[in-house]
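Here's the structure we're looking at; comments come further down.
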Amino acid sequence: MSDPSTRSRGPAPEPILRCSGLRKTFDERVAVADVGFEIAPGETYGLLGPNGAGKTTPISMICGLLARDAGDVIVAGRAVDTHAVAAKASIGYVPQEIALYPDLTAEENLRFFGSLHGIAGDELDGRVSRVLETVALTDRARDRAQEYSGGMQRRLNIALGLLNDPALLILDEPTVGVDPQSRNAILGSVARSSDEGMAILYTTHYMEEAERLCDRVGIIDEGVLRAEGTRRELVGLVGEHDRLRIDADGDLEDAADATRRVAGVASAAVAGGGLDVLMRDARGALADVIRAVDGAGGAITGVEVHEPNLEAVFLHLTGKALRDEA
């Protein structure tokens with residue numbers, strides 16, 4: 001599959017979303033610290049980070065669901081805050097939680113929520129038909145939501161977010177806990193919406209989803225946007241580094257310290273019963289690393305070498321392994 005970051009764009013269009021300096025504290029804990037980014041029409045921007053990294057709080061502020069302590073949000077030329085009704089009309093929000101009436105059919109759910117948006121008549125008919133097709137549920141339109149699998153309910157949740165034909169679609173971890181078939185259907189519907197010109201903000205802790213869908217990615221951890229850019233730009237932050245995964249038993253902290261002293265090693269972190277090592281020419285220096293781990297009392301049970309990807313970037317920027325924090 002082609003890298004979304006290689007798409008030809010032409011002149012940069014006016015952003016659908018501009019947010020800057022977003023800050024939120026709860027008691028004395030800083031949940032979001034000066035986060036800001038932009039999203040253009042037809043662009044999918046991914047917020048990549050583990051659970052608890054601070055993804056949901058900024059999107060709640062962008063949607064106007066949560067008051068911010070500082071910062072600005074502009075969507076489709078309008079300022080957004082908790083009272084900005086007109087600006088919110090340009091946003092489609094798909095939360096992590098399923099927001100459906102289980103006793104209603106898919107079509108009835110869509111018609112009810114469409115009426116809340118003030119959509120009626122032929123326009124409502126057309127939109128219901130279109131969003132059901134986008135999420136591949138046309139043939140199940142008259143089945144009750146409670147008869148759907150969890151993945152199908154999430155797809156219907158996305159249809160609700162698309163119903164008001166938003167300029168900005170925000171999806172918060174839309175594939176958590178779904179089966180592979182539904183996951184592929186969800187990713188396909190997101191890609192189609194982007195191709196049709198919709199600006200999309202997509203939060204995930206799955207590196208492969210960010211690489212597949214997103215034109216640009218913001219890496220967020222502990223409420224701080226550590227870096228953003230295209231996949232190629234972000235991978236460039238780690239240069240020619242490879243990621244070496246070492247499964248091992250024993251004193252892993254000592255093994256990590258010893259590994260950091262090997263020539264070419266940029267970082268070594270204990271993660272999930274082993275070590276994640278970022279280094280140049282992992283294959284060429286593998287013997288040196290194995291000797292370092294062995295000399296520090298580590299008993300190696302497996303070794304894998306990975307080319308640079310967004311997981312390597314996350315490790316480089318945060319000192320954490322994304323998959324073990326998710």
Side-chain angles (χ1 to χ4, degrees), residues 1-2 4 7 16 39-46 63 75-76 88-204 206 208-209 212-215:
M1 184 170 293
S2 63
R7 297 173 187 166
I16 294 295
I39 307 178
E43 180 180 32
T44 300
Y45 185 99
C63 290
V75 174
K88 291 179 183 179
S90 299
I91 300 171
Y93 177 46
V94 182
Q96 290 187 39
E97 299 79 14
I98 301 296
L100 303 170
Y101 287 101
D103 291 338
L104 299 182
T105 68
E107 185 175 298
E108 288 168 344
N109 267 285
L110 289 165
R111 289 188 175 280
F112 172 74
F113 284 101
S115 68
L116 297 182
H117 285 294
I119 310 168
D122 291 342
E123 182 181 9
L124 180 58
D125 291 342
R127 291 198 188 185
V128 168
S129 176
R130 186 171 70 250
V131 299
L132 284 170
E133 183 177 357
T134 298
V135 300
L137 287 176
T138 301
D139 60 341
R140 299 292 300 274
R142 296 187 178 180
D143 292 345
R144 293 182 180 180
Q146 64 188 6
E147 298 170 0
Y148 280 10
S149 67
M152 292 173 65
Q153 289 181 0
R154 287 199 174 272
R155 285 153 58 187
L156 182 53
N157 224 31
I158 291 173
L160 295 179
L162 292 168
L163 193 58
N164 64 320
D165 196 18
L168 173 67
L169 178 66
I170 300 177
L171 302 107
D172 191 6
E173 299 275 7
T175 65
V176 171
V178 304
D179 60 275
Q181 180 179 0
S182 289
R183 187 183 189 196
N184 283 331
I186 288 170
L187 297 180
S189 66
V190 173
R192 285 191 293 275
S193 297
S194 176
D195 289 343
E196 291 171 1
M198 194 173 294
I200 296 175
L201 174 55
Y202 190 97
T203 80
T204 183
Y206 296 127
E208 65 273 18
E209 289 187 2
R212 171 176 170 179
L213 282 180
C214 299
D215 300 286

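- Considering every non-hydrogen atom in both S149 and D179, the closest pair reads OG-OD1, 4.4 Å.
- Summarising the local packing, CD of E133 is surrounded by 12 or fewer heavy atoms from other residues, nucleotides or ligands at distances under 6.0 Å.
- For the atom pair CD1 (I158) and CD (Q153), the distance works out to 12.5 Å, reported to the nearest 0.5 Å.
- Under the 4.5 Å side-chain criterion, counting only non-hydrogen atoms from C-beta, R155 is in contact with M152.
- Between E147 and R140, none of the side-chain N atoms (NZ, or NE/NH1/NH2) sits under 4.0 Å from a carboxylate O, so this pair counts as no salt bridge.
- Put simply, OH on Y206 and OG1 on T175 are 5.5 Å apart, with the number rounded to the nearest 0.5 Å.
- Partner V131 forms a side-chain contact (heavy atoms from CB on, under 4.5 Å) with one of N164, L162, D165 and no other, that one being L162.
- The shortest side-chain heavy-atom distance between V190 and L169 does not fall under the 4.5 Å cut-off.
- Residue-environment remark: CG (D122) stays at or below the threshold of 12 foreign heavy atoms within 6.0 Å.
- With D172 contributing its side chain and Q96 its backbone, the two residues share no donor-acceptor pair below 3.5 Å.
- Within the model, atoms CG of L187 and CG of L213 stand 5.0 Å from one another, a figure rounded to the nearest 0.5 Å.
- Closest heavy-atom contact between T105 and R142: CG2-O, 3.3 Å.
- Rounded to the nearest 0.5 angstrom, F112 CZ and H117 NE2 are separated by 10.5 Å.
- How far CG of N157 is from CD of E97: 9.0 Å, rounded to the nearest 0.5 Å.
- Residue Q181 qualifies as open at atom CD: its count of foreign heavy atoms under 6.0 Å is 12 or below.
- With a 4.5 Å cut-off on side-chain heavy atoms, L124 and S115 do not count as touching.
- To the nearest 0.5 Å, the span separating CG on D103 from CZ on R144 amounts to 6.0 Å.
- For the side-chain hydrogen bond (donor to acceptor under 3.5 Å, both in side chains) test, residues two or more places apart in sequence or in another chain that qualify with E173 are K55, H205.
- Within the 4.5 Å cutoff, the side chain of Y148 has no heavy atoms near those of the L100 side chain.
- Residue A145 comes nearest to N109 through the heavy atom pair CB-ND2, 4.0 Å, listed as atom of the first residue, atom of the second, then distance.
- Heavy-atom minimum distance, P166 versus I91: CB-C, 3.6 Å.
- Remark: side-chain polar atoms of S194 are not paired, donor with acceptor, to backbone N or O of A191 under 3.5 angstrom.
- Nearest heavy-atom pair across D215 and G42 is OD2-O, 4.0 Å.
- I119 is not listed as a side-chain neighbour of R111, based on a closest heavy-atom distance of 4.5 Å or more.
- Minimum heavy-atom separation, S189 to I186: OG-O, 2.7 Å.
- With R127 contributing its side chain and L163 its backbone, the two residues share a donor-acceptor pair below 3.5 Å.
- Between L110 and L160, some side-chain heavy-atom pair lies under the 4.5 Å cut-off.
- Residues Y202 and I39 have side chains not in contact (no heavy-atom distance under 4.5 Å, counting atoms from C-beta outward).
- V135 is not listed as a side-chain neighbour of L156, based on a closest heavy-atom distance of 4.5 Å or more.
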| task | In sequence, state the C-alpha distance, the side-chain angles, and the governing distance for R192 and E196, and then conclude on salt bridge (Lys or Arg N to Asp or Glu O under 4.0 Å). | result | CA-CA 6 Å; R192 285 191 293 275; E196 291 171 1; over 6 Å; no

